[in-house]
Asker: 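First the structure, which I've put down as structure tokens, then a few questions once you've had a look.
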Number of protein chains: 2
Amino acid sequence: MKNYSKQREAILTVLRETDTHPTANWIYEQVREIIPNISLGTVYRNLSELSRNGDIISLNVGDGFEHFDYDTTPHAHLHCKECGCIHDARLECDPLAELSKKMGFMPDTTIYVAYGICQNCKTTN
Amino acid sequence: MKNYSKQREAILTVLRETDTHPTANWIYEQVREIIPNISLGTVYRNLSELSRNGDIISLNVGDGFEHFDYDTTPHAHLHCKECGCIHDARLECDPLAELSKKMGFMPDTTIYVAYGICQNCKTTN
DNA sequence: AATAAAATAGTAATCATTACTGATTTGGGT
DNA sequence: ACCCAAATCAGTAATGATTACTATTTTATT
């Protein structure tokens, strides 16, 4: 990631301007409206490098897809088993990081995910 | 899961008797020592049904494999990025469940995973 | 403009997991 | 004990998200 590329720029723009937690394929579909002949492999490669670099977050909620998040500040995620949406939640503490250290484990990141039914699905059904 | 099967019995035995958080393939290899001609598909199907049934836990730490845990009591996981091991940690609170409810989200399960370097890898390298 | 490194498009390969099919096993009723 | 329908299985083929590969294009520097 030494050189600029308009593809990476467009990927970051798409990711910045959504409040969802999209998959690589969703991002691909969106970026194609900016760069119609962009390759899916390019999207995957850039997302993977950006994530390794700490510029974005990669999130796995066990639905078979990797999800990406432009927001790298610490926050938890609420994953709806009904509609698949992922919402953010701000915890003001990180008890697992503290417990980890006490146990001699050096945590880089802690991930908090709640699985359940979101407000929208609860009222709709 | 209405009928008994010695395959499912063996899968549960293997899972009960390890303190690791094995993948389907690892379980398959172990069960083959009890039932040499068991099918990998049988292992996957049983793990998936047991997990859907709440008898075991399925855990995804983003390493490309699904992991399984015989212990269904609430606990957090520490995943070492170096050796890939997963250790248990007992949190005495569940702040995400509480926050979720306040936000109108009905959580079934909350998952806590810390990513970092385990004590063993830290001292070895 | 010339050059080397980096990035890309397009396509092929990987591989964990799931689906399918015909045979075997289980359990309840007789 | 035997029958039968439902459940489960072994073995194999298919799926599909992700990664790898290659020839070409773009970027940054001189």
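Order of the sequence lines fixes the chain letters, A, B, ..., with proteins taken first and strands second; residue numbering starts at 1 for each chain.
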Asker: Both A:I35 and B:K2 contact DNA chain C. Taking the nearest nucleotide for each, which residue is further toward the 5' end?
Answerer: A:I35
Asker: Which nucleotide, C:dT17, D:dT18, D:dA10, lies nearest any side-chain atom of B:L40?
Answerer: C:dT17
Asker: Determine: side-chain N/O of A:Q7 to OP1/OP2 of D:dT26, distance under 4.0 Å, yes or no.
Answerer: no
Asker: Among D:dA10, C:dT26, D:dA28, find the nucleotide with the atom closest to the side chain of A:Y4.
Answerer: D:dA28
Asker: Using a cut-off of 4.0 Å on non-hydrogen atoms, how would the nucleic acid contact of B:Y44 be classed: base, sugar-phosphate, or nothing?
Answerer: base
Asker: Using a heavy-atom cut-off of 4.0 Å across all strands, would you classify A:N37 as base, sugar-phosphate, or nothing?
Answerer: sugar-phosphate
Asker: For the residue pair B:T73 and B:R90, confirm or rule out a side-chain donor-acceptor distance under 3.5 Å.
Answerer: yes
Asker: Examine D:dC9: is either OP1 or OP2 under 4.0 Å from a nitrogen or oxygen in the side chain of B:S5? Give yes or no.
Answerer: yes
Asker: State, yes or no, whether a side-chain contact exists between B:E66 and B:L47 at a heavy-atom distance under 4.5 Å.
Answerer: no
Asker: Expressed in angstrom and rounded to an integer, what is the separation of A:L47 atom CG from C:dA7 atom P?
Answerer: 15 Å
Asker: Once you round it to whole Å, what is the distance between C1' of C:dA5 and CE of A:M1?
Answerer: 16 Å
Asker: May I have the distance from A:D63 (atom CG) to D:dG16 (atom P), rounded to whole angstrom?
Answerer: 15 Å
Asker: I need the NZ-P distance between B:K6 and C:dT24, as an integer number of Å.
Answerer: 13 Å
Asker: Where the side chain of A:N3 is concerned, which of D:dA7, C:dA6, D:dG11 is the nearest nucleotide?
Answerer: C:dA6
Asker: Could you check how far CG of A:L12 sits from P of C:dA7, rounded to whole Å?
Answerer: 13 Å
Asker: Apply the side-chain contact (heavy atoms from CB on, under 4.5 Å) test between A:I86 and each candidate in A:V61, A:L78, A:V113; give the one that qualifies.
Answerer: A:V61
Asker: Tell me the interatomic distance from A:E9, atom CD, to D:dT27, atom P, rounded to whole angstroms.
Answerer: 12 Å
Asker: Is it the case that the side chain of A:Y70 and the backbone of A:V14 share a donor-acceptor pair, with hydrogens and angles ignored and the cut-off at 3.5 Å?
Answerer: no
Asker: Considering only side-chain heavy atoms of B:T42, which listed nucleotide, D:dC9, C:dA9, D:dA28, is closest?
Answerer: D:dC9
Asker: Using distance alone, with no hydrogens and no angle criterion, decide if B:H75 and B:H77 have a side-chain donor and acceptor under 3.5 Å apart.
Answerer: yes
Asker: Return no unless some side-chain N or O of B:N46 is found under 4.0 Å from OP1 or OP2 of D:dC9.
Answerer: yes
Asker: Closest approach to the side chain of A:F65, judged atom by atom: which nucleotide of D:dA10, D:dA17, C:dT8 is it?
Answerer: D:dA17
Asker: In whole angstrom, what separates A:I38's CD1 from D:dT25's P?
Answerer: 17 Å
Asker: Between A:Y28 (OH) and C:dT11 (P), how many Å, whole number?
Answerer: 10 Å
Asker: Does the side chain of A:T42 pick up a donor-acceptor pair with the side chain of A:R45 at under 3.5 Å?
Answerer: yes
Asker: Looking at B:R45, I'd like to know whether one of its side-chain N or O atoms comes within less than 4.0 Å of OP1 or OP2 on D:dC9.
Answerer: yes
Asker: When you measure from the side chain of B:R8, which nucleotide among C:dT17, D:dT8, D:dA10 comes out closest?
Answerer: D:dT8
